[in-house]
Structure formats: C-alpha cells, structure tokens
There are 2 protein chains.
Amino acid sequence: MSAVAIPTRRRRIEPLRCTGCERGSDCLGAALDEGSGAGRMSRGHLERGEHLYRMGEPSDSLYVVSGGAFKSYVVSPDGGEQVLGFVLPGDVLGIDSLSHPQFQSSAVAIAPARVCRMPAEAIRLRLGESPDFRERLSARMGREIQRLQRLLHLGRCTAEQRVAVFLLSQSAQSEGGSLAGRPQRLPMSRRDIGQFLGLATETVSRVFTRLQDSGALRGRRTSIEIRNVERLMEIARVGLPLRRGS
Amino acid sequence: MSAVAIPTRRRRIEPLRCTGCERGSDCLGAALDEGSGAGRMSRGHLERGEHLYRMGEPSDSLYVVSGGAFKSYVVSPDGGEQVLGFVLPGDVLGIDSLSHPQFQSSAVAIAPARVCRMPAEAIRLRLGESPDFRERLSARMGREIQRLQRLLHLGRCTAEQRVAVFLLSQSAQSEGGSLAGRPQRLPMSRRDIGQFLGLATETVSRVFTRLQDSGALRGRRTSIEIRNVERLMEIARVGLPLRRGS
DNA sequence: CGCCCGCGCTGACCTGGGTCAACGCGGATC
DNA sequence: GATCCGCGTTGACCCAGGTCAGCGCGGGCG
C-alpha cells in the first residue's frame, strides 16, 4: 500500500471445485466449473497490500472475488493513479483485460482477500459450449461499461454529490445490501476515495465532516453509518447547499 | 439537434450482403455475414439530427457505422447531457446495450450517416458457431471499457490537455489516420465537445483560440488543421502553461 | 429582402475545490 | 518507553474554469 515499497506478487494457490461453495450457483465460477471448465479453477489468498496483478503483466485469467476487497487502478504516464473501482465479493476482476495479452489495469487487495482464478483457456472452452455462460460474461462486460459511463457522469458533479453517490453505492453493494442505519466498513483510505472520485484527499475529508455535521452520516475513519438515507440521496441529487433546481 | 425539437426516428432500411462492401473483411459485419448470420443484416441512412436509437427503447441490434458520424450520449436525471463519444465509420454502436433489453444510451447522427444493422438474434447465432466472432466481439467490448477508462482519466486533466488529447485522438481515428498537416472535418459542435470533455462551451472556445494563437492549430468552425503535432502532444502531456514536472 | 435564431467567440466576475502547511493520532519498530 | 511515519483533519490562500452577458455572423425562412 505504501507509495514506495512495491511488494512482489505472491499467491498461495490451491485447486478448487465449486460444488458446495457458499457463493452458490449465481457465481460466475460455478457456471464455469461445469463441462470443459470443470476442475480448472484455483483459489488464492492475498494479504492487504498484495497485488493480484499489475498493469502490463501477461493476463491469462479472470478472478472472482470471494472475500475481502480490492482496488482496481491504472497509473497514467505522469505517475498519477486513477482508481477505477473497488471490487467486493461476488465481483469479477480482470474483465477489462480479458481480450488482451496483458493486464490493462492493476488490482491490489485493500483487505485480506480471497479470489477464485478462472483460467482464460477454461473460459474460452466454456464460452464455446454454453450460451448461458456467454450471456453471463457479456452481461458482466456490459455492466462494467455502464458502471464506467455512470462514473464518467459523476466526474461532472460537485464534491458533495460524488461522495454521497459513492457512499450510497458502496452501502448498497456491501454484503447484505444494508442501506439502512447499521454501521459498515469502508476498507479504502481517503486517498483511495479521492483518486476514485477525482477529488483531493483534503476535499474528501472536508466533505465527510460536512456530511457528519449535517447529520446525514456518523462514524470515524474506516467505519461509517448512514444516519439519514433520504438526506444523502437528496444531496446526491442536488448537492449540499441547495443549488439550481432540476 | 435542437434542444427542443425531438425528431422522431425513421430509417430507410434495405437488405444487405457484405460481399463486395468497401469496408472489407476486417468489418465486424463481414464476420457476421457468414454462417448463420448470412443475409440477416440491413443498411440504413440517417440525416443529421436523426436518432439511431434512444435510451430506454428496446434494443435488439448492433450497428456498424459505415459512413458519416454519430454522437453517443446519456441524459442524466437532472437533464444534463453526457456525451460518451463520437462514433466514426468502422466503429460499432450499441455495444453497451448488447446484453440489455433496452438501450442504455442514445445515438444521434451529427452528419449524414449510414449504418449496417446486425440483429441480436443473428449475433447470438454467430457467437455460438464462431470462436473468431466471439473473440472479435469481446475485443470490441474490452476496447470500449478501456476507452472509458482513459476518458475517466481525461476528466482529471486541465482544459488544454483535454482538448489537445481530443484533437489528437480525433485526428488519429479519422479516415486515413492523418495526424499530419492536412485539414480535417470536426462534425461536432463546440457544445458537443464540451459535453464530451466535461467543459463549458465557452471554455472549449477559449482553448481553441489559445491553441490557434500558440500556432499549434489553425482553422475555423467545423474544419481544423493541426499545424504542430509535437506541440499539441506536449500540451496533452503537461498542459499549456508549463506546470508540475512529470 | 429583412428577420430570427443558434452558434461561436470574448470579457468580467465569482467560486469550488486544489494546494500548501500544520497538527493530532495511532500503529509499528526498536 | 521514545521515535517515526502514514493517515486524517483543518485552515489559509489562490486559480482554473464555470457563469453570465454581450456581440458578430451565417443560414433558414417568411
């Protein structure tokens, strides 16, 4: 996680069958682990700060996140880091590089994480034999495209709106989808959030305190609680100080 | 094109075979128009300002642009228009909606245009029988994801950088890929460019004149000529007034 | 022909948020 | 225990670019 220290990638790999996995049959892995894909997957564990892959490395697989959390990012020629998203259990990593020989982005664990590796070879085989698998994979890619389109639009909003939308979406897709009042973990740093939303860390910090002052939010550091969902949604729509009517 | 008048969608459709098409065998259409896809395509013409499709309409096809130019955009709940990109001959329209029952964005012709329609049904059939077609389609989606990722990064740059990058990419992908000195058409309005780059129309205008003053650019209105590619690339890297070193 | 309207351009002004600096804190290391 | 270092927070300052207003021009239309 440090800006200077670059931990080498190392993963403890173990073979895997999806039968009996707690993620169930909705998981893309379970859909792969039939037919020709059977038994080709493997599972890996990563510590916080370990990279699953780095931009430029040869890409030969897709990963289903089964625990923890990841940050996906690219670094621009000038060294700036653009966070593309935070990836939670159930999500897929590497889909943006599927049709490229090298990874087009990097993925680093921001919490102790587990992934299921789906080798490209097995994916290609399965694609050839299962229309359902084709449909699910292309749906994943389509969803990613739309996520990026929405993200693009977020870039035109005020700082309050960005943070509010971020918190709402984060809350919605957290395990259990608890929008309501219970506290939730925010595994990423303020800097990460800033690099995701296109804001300076200081601005993220300021918005957090402003949201807390307004009573919409509560919590310190890595754990927050949404106190007033409606208020937050209102802010996401129009920004904090009432601005131009829609 | 007007903000108020909403022209209804109408297309003159004619059946189509790809054999003998000037786009050649690289075209996604040609790859479809074999096997089960054969003879299922059709061709349409659109006037400037006509919509190919609108967000929310049932989506049942992909389109290969074979002439003219399109603008792809979404309108946000508050009415703001976010331009997703400008689509030129050889590009594909509708790929972001392929796995959805409705179009997730709108596409409007910004110049008299021609498209080849590829029905989703034919696509699905062809996907089942051709690994090559699968590869090409998923490569298209992957490229779209990466285009959006780069666009996201553009959103963190100065106005000069955005416009410079835009002009360079526009020039690079124009028919003939002429980066060099010959003038080229810019079919989109300043407003379109602004809504694409996340800038106010006035800012786009100002940057254009600044670029012309600096000698990097020449031209009026809809036709421009890049006078100094290196300078433009330099600006794309560091911005116009020399800023923080890389 | 005159009129209108949308587009592009420019100037003046204002503000959201970037930048810089300082500080408190908690965790890791010795 | 003392030191260090990265993180989060806050304050002060400033500037890129948004906003508003005005103007010229060219194209469509009565």
Side-chain angles (χ1 to χ4, degrees), chain A residues 1-5 7 47-49 71 78 80-81 110-111 154-164 186-213 217-224 235 238-245, chain B residues 1-5 47-49 71 78 80-81 110 154-164 186-213 217-224 235 238-245:
Chain A
M1 295 294 283
S2 156
V4 188
E47 296 303 323
R48 175 185 155 86
K71 172 179 81 172
D78 66 334
E81 202 171 279
I110 55 177
L154 240 202
R156 323 283 182 238
C157 298
T158 68
E160 275 86 10
Q161 286 178 295
R162 300 187 202 198
V163 173
L186 269 198
M188 65 291 289
S189 68
R190 298 289 189 266
R191 155 189 281 254
D192 286 337
I193 298 175
Q195 285 170 340
F196 177 55
L197 297 176
L199 297 172
T201 5
E202 295 92 326
T203 306
V204 176
S205 199
R206 273 187 265 266
V207 172
F208 264 86
T209 44
R210 244 178 290 166
L211 287 177
Q212 282 175 197
D213 292 350
L217 216 66
R218 201 219 295 243
R220 293 238 166 266
R221 301 261 144 49
T222 93
S223 167
I224 61 147
I235 292 172
V238 298
L240 199 99
L242 234 59
R243 61 188 63 249
R244 58 184 57 261
Chain B
M1 295 293 286
S2 156
V4 188
E47 296 303 324
R48 175 185 155 87
K71 171 179 83 170
D78 66 334
E81 201 172 282
I110 56 177
L154 240 203
R156 322 285 180 236
C157 297
T158 68
E160 275 86 9
Q161 286 178 295
R162 299 187 204 198
V163 173
L186 269 198
M188 66 291 290
S189 69
R190 298 288 188 266
R191 156 189 280 255
D192 286 337
I193 298 176
Q195 285 170 339
F196 177 55
L197 297 177
L199 297 172
T201 330
E202 295 92 327
T203 305
V204 176
S205 202
R206 273 187 265 265
V207 172
F208 263 87
T209 43
R210 244 176 290 166
L211 286 178
Q212 280 173 198
D213 292 350
L217 215 67
R218 200 219 294 245
R220 293 239 166 268
R221 298 263 144 49
T222 95
S223 167
I224 62 148
I235 292 172
V238 299
L240 199 100
L242 234 59
R243 58 187 64 250
R244 60 183 53 261

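Chain naming here is simple, since letters A, B, ... match the order of the sequence lines and numbering starts at 1 in each.
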Dump the pairs, protein N or O against N or O of nucleotides 9-11 of chain D, anything under 3.5 Å, distances to one decimal.
| residue | atom | partner | partner atom | Å |
| --- | --- | --- | --- | --- |
| D:dT9 | OP2 | A:R190 | NE | 2.9 |
| D:dT9 | OP2 | A:S205 | OG | 2.8 |
| D:dT9 | O5' | A:S205 | OG | 3.1 |
| D:dT10 | OP2 | A:T209 | OG1 | 3.1 |
| D:dG11 | N7 | A:R206 | NH1 | 3.0 |

Please assess B:V207 against B:L199 for the test side chain to side chain contact (heavy atoms under 4.5 Å, CB included), listing each intermediate value before the final yes or no.
CA-CA 10 Å; B:V207 172; B:L199 297 172; 5.5 Å; no
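The interatomic distance linking B:R210 (CZ) with C:dC9 (P) rounds to 13 Å, in whole Å. In this structure, B:I224 atom CD1 and C:dG8 atom C1' are separated by 15 Å, rounded to whole Å. Computed from coordinates, the B:R48 CZ to D:dG27 P distance equals 13 Å when rounded to whole Å. Going from atom CG of A:L197 over to atom P of C:dG18 covers 11 Å, rounded to whole Å. One can place CD of B:E160 at 10 Å from C1' of D:dG17, the figure rounded to the nearest angstrom. In this structure, the CD atom of A:Q161 is 14 Å from the C1' atom of C:dG17, given to the nearest Å. A straight line from CE of A:M188 to C1' of D:dG6 spans 18 Å, rounded to a whole angstrom. What separates CG of A:L199 from C1' of C:dG18 is a distance of 10 Å, to the nearest Å.
B:G198 comes within 4.0 angstrom of the backbone, heavy atoms only, and of no base.
Between A:M188 and A:F196, every side-chain heavy-atom pair lies at or beyond the 4.5 Å cut-off.
Between atom CD of residue B:Q195 and atom CZ of residue B:R190 there is a gap of 14.0 Å, rounded to the nearest 0.5 Å. In this structure, B:E160 CD and B:R206 CZ are separated by 11.0 Å, a value rounded to the nearest 0.5 Å. Atoms OG and CZ, on A:S223 and A:R218 in that order, are 11.0 Å from each other to the nearest 0.5 Å. Rounding to the nearest 0.5 Å gives a distance of 9.5 Å between CD1 of A:I235 and OG1 of A:T158. Atoms CG and CD, on A:L154 and A:Q161 in that order, are 8.5 Å from each other to the nearest 0.5 Å. With rounding to the nearest 0.5 angstrom, the OG atom of A:S189 is 12.5 Å from the CZ atom of A:R221.
With sequence neighbours excluded, no residue forms a salt bridge (Lys or Arg N to Asp or Glu O under 4.0 Å) with A:E202.
Rounded to 10°, the helix from C:dC1-D:dG30 to C:dC30-D:dG1 has 40° between the axis fitted to its first five pairs and the one fitted to its last five.
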